[in-house]
Number of protein chains: 2
Amino acid sequence: MTDRRGRGRPRDPETDAAILRAALELFIEGGVEGTSMEQIAKRAGVGKLTVYRRWSTKEDLIAQAVEQTVSADLVPSPADIAELDPQQIIEGVIEAAAQMTASPAFRALVARMMGAAVSHPQLMEVYWRHHVLPRRELAAALLRRAQQEGTVAADADLDVLIDMMAGAVTWRVLQPNPPDAAGMLDYLKSVYRQVGLYRPPR
Amino acid sequence: MTDRRGRGRPRDPETDAAILRAALELFIEGGVEGTSMEQIAKRAGVGKLTVYRRWSTKEDLIAQAVEQTVSADLVPSPADIAELDPQQIIEGVIEAAAQMTASPAFRALVARMMGAAVSHPQLMEVYWRHHVLPRRELAAALLRRAQQEGTVAADADLDVLIDMMAGAVTWRVLQPNPPDAAGMLDYLKSVYRQVGLYRPPR
């Protein structure tokens with residue numbers, strides 16, 4: 001991602017972290033519309049030019065701040081996908097995924113990202129290219145493994161299946177009475193089972 | 001819905017329509033945060049008290065404005081669900097559903113509704129109770145019919161399946177490059193087929 005902030009003098013990691021933290025807080029509090037580069041600079045305790053030297057638009061900055069928050073290490077590596085079966089991979093990430101997706105911070109971020117998708121398409125475009133697409137490629141690799149094993153239909157449309165999984169979770173957390181981590185664990189199992197990626201133990 | 005606006009003097013349907021239209025426009029333009037009862041009154045050309053006489057909060061008013069827009073006649077009746085098979089019911093609504101969900105107005109509304117879900121939960125609660133829940137009950141009836149016919153697994157979690165269908169569509173329309181009506185028709189067929197509600201003609 002150096003292409004996105006490689007300009008100007010050498011970067012101070014603490015300054016970067018403070019700016020990203022301020023951008024995330026302001027985005028959660030007020031959405032894209034309620035966030036300006038000036039406010040971000042002020043809350044991070046730096047000058048506005050310091051922010052602009054690193055990120056040219058607030059959409060780029062917010063997208064990176066969101067990525068850092070939701071990434072964690074929930075993503076199986078390509079090597080895992082080649083070596084393990086889908087059931088093992090799901091079992092390896094599902095508890096952490098339940099914790100993350102049940103958290104208030106995740107809910108707030110999903111709401112703000114989706115809320116900005118039409119009014120500020122640039123934010124979704126940056127987030128999609130840098131964050132969502134690489135994860136969809138891994139999910140597609142996992143589903144192709146499951147197709148080889150016969151638990152996902154050979155003629156299934158994998159893009160649609162990925163939308164159904166991601167869409168179910170994002171829609172569920174925005175409904176009234178969102179699940180806690182234990183409820184989300186059951187929910188994720190049910191989603192993965194429905195798709196053919198997971199068999200509940202008997 | 002008379003309980004939601006039954007107060008005060010007899011209602012003038014044109015005034016109601018103008019207020020609902022103004023609320024919808026302002027909500028799409030600026031989200032809940034960018035909409036006030038005062039602005040709605042001004043744009044509708046009525047006094048603020050006229051608005052408050054009908055709706056006690058902007059969340060109630062916006063929820064009703066959104067419901068009127070997305071309802072259309074896409075919903076099969078309980079009688080249809082009892083008499084027709086799921087394939088026939090889907091075929092009867094799928095073209096209109098594709099038209100609606102591919103429209104810019106639908107995308108903008110989905111984004112704004114989801115965007116408000118965490119910061120303004122009251123809006124989602126009203127919308128959920130009055131609009132979403134009755135439609136989920138019909139979808140569940142349709143899925144139970146499909147279970148009887150054996151195209152949906154007997155042990156499927158219907159709430160999760162409904163989230164997967166609705167979640168896929170709402171997530172897809174917020175992604176970069178949303179489909180046009182023809183693309184959405186293919187997309188919906190793929191979603192319904194995946195769940196077991198639709199068989200593409202050979």
Side-chain angles (χ1 to χ4, degrees), chain A residues 28-34 104-122 124-129 132-133 136 152-153 155-157 159-178 186-191 193-195 200, chain B residues 28-34 104-122 124-129 132-133 136 152-153 155-157 159-178 186-191 193-195 200:
Chain A
I28 287 180
E29 289 167 23
V32 193
E33 274 130 346
F106 179 81
R107 296 181 64 228
L109 278 178
V110 167
R112 291 299 189 190
M113 287 300 291
M114 295 201 151
V118 174
S119 57
H120 297 79
Q122 195 198 336
M124 183 60 88
E125 274 159 27
V126 174
Y127 186 69
W128 180 264
R129 194 166 59 245
V132 182
L133 260 192
R136 289 178 73 97
V152 170
D155 66 349
D157 182 327
D159 275 323
V160 168
L161 275 189
I162 294 168
D163 284 352
M164 290 176 83
M165 292 190 284
V169 173
T170 49
W171 173 218
R172 181 66 191 89
V173 302
L174 299 185
Q175 292 170 14
N177 305 314
D186 289 338
Y187 189 86
L188 291 175
K189 285 178 181 174
S190 190
V191 169
R193 180 173 76 91
Q194 183 63 42
V195 167
Chain B
I28 287 181
E29 288 166 24
V32 193
E33 274 129 346
F106 179 81
R107 297 181 63 227
L109 278 178
V110 167
R112 292 299 189 191
M113 287 300 292
M114 294 200 152
V118 175
S119 57
H120 296 80
Q122 195 198 334
M124 183 60 88
E125 274 159 27
V126 174
Y127 186 67
W128 180 264
R129 194 165 61 244
V132 182
L133 260 191
R136 288 178 74 95
V152 170
D155 65 348
D157 183 327
D159 275 324
V160 169
L161 275 190
I162 294 169
D163 284 354
M164 292 176 82
M165 292 191 283
V169 173
T170 48
W171 173 219
R172 182 64 191 90
V173 302
L174 299 185
Q175 292 169 15
N177 305 315
D186 288 339
Y187 188 86
L188 291 175
K189 286 177 181 173
S190 190
V191 169
R193 180 173 77 90
Q194 184 61 42
V195 167

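Labels below follow one simple rule: chain letters A, B, ... track the order of the sequence lines, proteins then strands, and each chain is numbered from 1.
Looking at heavy atoms from C-beta onward, B:M114 lies in side-chain contact with A:W171 at the 4.5 angstrom threshold. Looking only at side-chain heavy atoms (C-beta outward), B:V195 and A:M164 come within less than 4.5 Å of each other. Within the 4.5 Å cutoff, side-chain heavy atoms of B:S119 are placed close to those of A:R112.
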Practice problem: Determine, stepwise, if the pair A:Q175 / B:D163 fulfils side-chain contact (heavy atoms from CB on, under 4.5 Å). | Solution: CA-CA 10 Å; A:Q175 292 170 14; B:D163 284 354; 3.0 Å; yes
Self-check item: Chi angles and distances behind the salt bridge (Lys or Arg N to Asp or Glu O under 4.0 Å) call for B:D155, A:R193
Solution: CA-CA 11 Å; B:D155 65 348; A:R193 180 173 76 91; 3.2 Å; yes
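Considering CD of A:E29 and CD of B:E33, their distance stands at 11.0 Å, rounded to 0.5 Å. If you take CG on B:D157 and CD on A:Q194, they are separated by 8.0 Å, rounding to the nearest 0.5 Å.
Put simply, of B:V110, B:L161, B:T170, the one with the most heavy-atom pairs under 4.5 Å next to chain A is B:L161.
At a 4.5 Å heavy-atom cutoff, the contact between B:V132 and chain A is made by side-chain atoms alone.
Between A:L174 and B:A117, the closest heavy-atom pair is O-CB, 3.6 Å.
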